[in-house]
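No hydrogens, no waters, no symmetry mates; every other heavy atom, side chains included, goes into these values. Since this is a predicted model, take the numbers as computed values, not measurements. Every chain is numbered from 1, with letters handed out A, B, ... down the list of sequences.
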2 protein chains.
Amino acid sequence: MTKPPTRIQQRNRAAILSAGLDVFSQYGFRGTTLDQIADTAGLSKPNLLYYFASKEAIHAALLERLLETWLDPLKALDGAGDPIAEIMGYAQRKLAMSRDYPRESRLFANEILQGAPHIRDILHTDLKTLVDEKAQLIQAWSDAGKIAAIDPHHLIFSIWALTQHYADFDVQVRAVLSGEDAYAGAETFLTHMLGRTLAIAPAT
Amino acid sequence: MTKPPTRIQQRNRAAILSAGLDVFSQYGFRGTTLDQIADTAGLSKPNLLYYFASKEAIHAALLERLLETWLDPLKALDGAGDPIAEIMGYAQRKLAMSRDYPRESRLFANEILQGAPHIRDILHTDLKTLVDEKAQLIQAWSDAGKIAAIDPHHLIFSIWALTQHYADFDVQVRAVLSGEDAYAGAETFLTHMLGRTLAIAPAT
DNA sequence: CTTGCATTTGACCAAGTGGTCAAAACAACG
DNA sequence: CGTTGTTTTGACCACTTGGTCAAATGCAAG
């Protein structure tokens with residue numbers, strides 16, 4: 001019975017979500033105002049509220065859309081593939097996400113920094129389940145001597161940290177590198193670092 | 001000619017800074033209210049403003065105090081020491097800072113996420129100078145074959161990312177590890193990862 | 001062109017915001 | 001005790017904030 005959205009609806013909802021992503025990812029939920037989002041989207045505030053019931057609703061829509069894809073790279077980690085190639089591939093997919101969706105990364109970072117009030121449950125259920133499952137897989141690889149003996153949870157954390165850093169701390173990275181593109185160097189470095197970390201120890 | 005602070009002044013200023021650190025580090029500058037800080041500090045709002053002229057003033061005092069020590073671990077990186085031990089020592093000092101001062105780490109993260117409006121200049125001057133200097137040192141070690149050939153800037157970024165992650169994403173780390181202390185495992189993992197990353201390649 | 005619906009807006013509101021101020025309460029000291 | 005300086009507070013203010021609403025506008029189909 002719900003009618004298909006008109007072209008105007010599609011355009012405006014998209015504009016609001018993009019504007020909301022801009023502002024929420026920079027200032028966090030509480031630091032963001034509806035006026036800011038409305039200005040960025042090029043709409044009046046009442047008009048904005050014609051498309052989304054509340055500030056919460058915009059934020060929730062953004063988080064929901066984010067979570068749909070945020071964990072995809074990890075889900076794709078395949079137990080049947082070559083262990084080292086699989087893990088390095090995962091890291092590369094995550095780095096690409098930081099490069100291509102930095103606002104989404106910062107939205108997530110803000111949510112976590114503020115104590116994850118809107119996604120706490122998901123962290124403890126979906127996320128934990130997924131991570132534990134993949135950690136078990138990595139542990140098996142490790143036990144089988146196919147990769148170095150490392151703690152799989154901390155390996156996953158390290159991949160998150162190393163890749164998201166380039167999106168979340170973009171301002172700092174740019175300040176230090178003064179202009180030069182970070183991602184090329186990051187990929188080379190990450191490949192080296194992970195390759196070394198995962199390699200099975202040479203016999204002594 | 002400025003009078004020494006009384007005991008009450010010391011206590012209240014300290015309480016305000018601690019409360020401000022709590023709130024700013026969680027919600028960022030714009031997401032923080034004076035009422036929140038006053039409540040957390042156990043003072044009335046006018047009383048709070050008797051000690052600090054404005055919300056900005058509290059935030060500025062916190063950032064200033066933070067910056068005094070934030071870069072110390074990197075400054076201590078010593079060109080005369082053993083290269084690998086120096087770098088691993090740096091990483092360990094940074095990890096200890098995440099463990100012992102997580103609120104400060106999150107305050108910094110929030111500031112960067114919001115585009116570093118209050119410390120932009122420092123990033124481009126003091127920080128960049130320091131990092132470039134230490135990067136040059138690491139490059140020299142690399143050129144001399146004392147550590148693996150890696151990009152020193154990205155090495156430094158990786159140490160920042162790996163260590164600060166445990167403070168900034170604490171909620172997520174705890175959700176995944178469900179209770180178990182993260183830092184012991186983190187140190188073991190970090191030592192392995194950096195050791196492998198820096199080791200000179202075995203002759204083939 | 002008109003009818004009916006989708007869209008947009010100006011005016012408005014109650015609550016929250018950063019901040020002020022004069023007066024009150026307190027502390028210290030002769 | 002009284003005096004003097006420090007600390008604390010209640011009342012208040014202008015402005016911002018999230019959100020409402022009725023009226024106005026746009027627009028597509030008959």
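Scanning all heavy atoms of the two residues, the minimum distance from A/M193 to B/S158 falls at CE-OG, 3.9 Å.
Note: CZ (B/R7) to P (C/dC26) measures 19 Å, nearest angstrom. A/R13 has its CZ atom 14 Å from the P atom of C/dA6, to the nearest Å. The distance from atom CD of B/Q9 to atom C1' of C/dC26 is 15 Å, rounded to the nearest whole Å. In this structure, A/I16 atom CD1 and C/dT8 atom C1' are separated by 12 Å, rounded to whole Å.
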Treat primed atoms plus P, OP1 and OP2 as sugar-phosphate and everything else as base, then score nucleotides 8-20 of chain D 5' to 3': B for base contact with protein heavy atoms under 4.0 Å, S for sugar-phosphate contact only, - for none. BBBB-----SBBB
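B/W70 and B/F108 have tilted rings, their planes meeting at an angle from 30° to 60° on a 0 to 90° scale.
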Could you walk me through whether B/Q36 and A/R30 satisfy the side-chain hydrogen bond (donor to acceptor under 3.5 Å, both in side chains) test, starting with their C-alpha distance in whole Å, then the side-chain angles of each, then the deciding distance to 0.1 Å, before giving a yes or no? CA-CA 13 Å; B/Q36 253 179 308; A/R30 298 191 24 177; 2.6 Å; yes
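A cation-pi arrangement, defined by a distance under 6.0 Å to the six-membered ring centre and an angle within 45 degrees of its axis, is absent between A/R99 and A/Y166.
Under the 3.5 Å distance criterion, with hydrogens and angles disregarded, no donor-acceptor pair is assigned to the side chains of A/D170 and A/H165.
With sequence neighbours excluded, the residues satisfying side chain to side chain contact (heavy atoms under 4.5 Å, CB included) with A/R120 are A/H124, B/V171.
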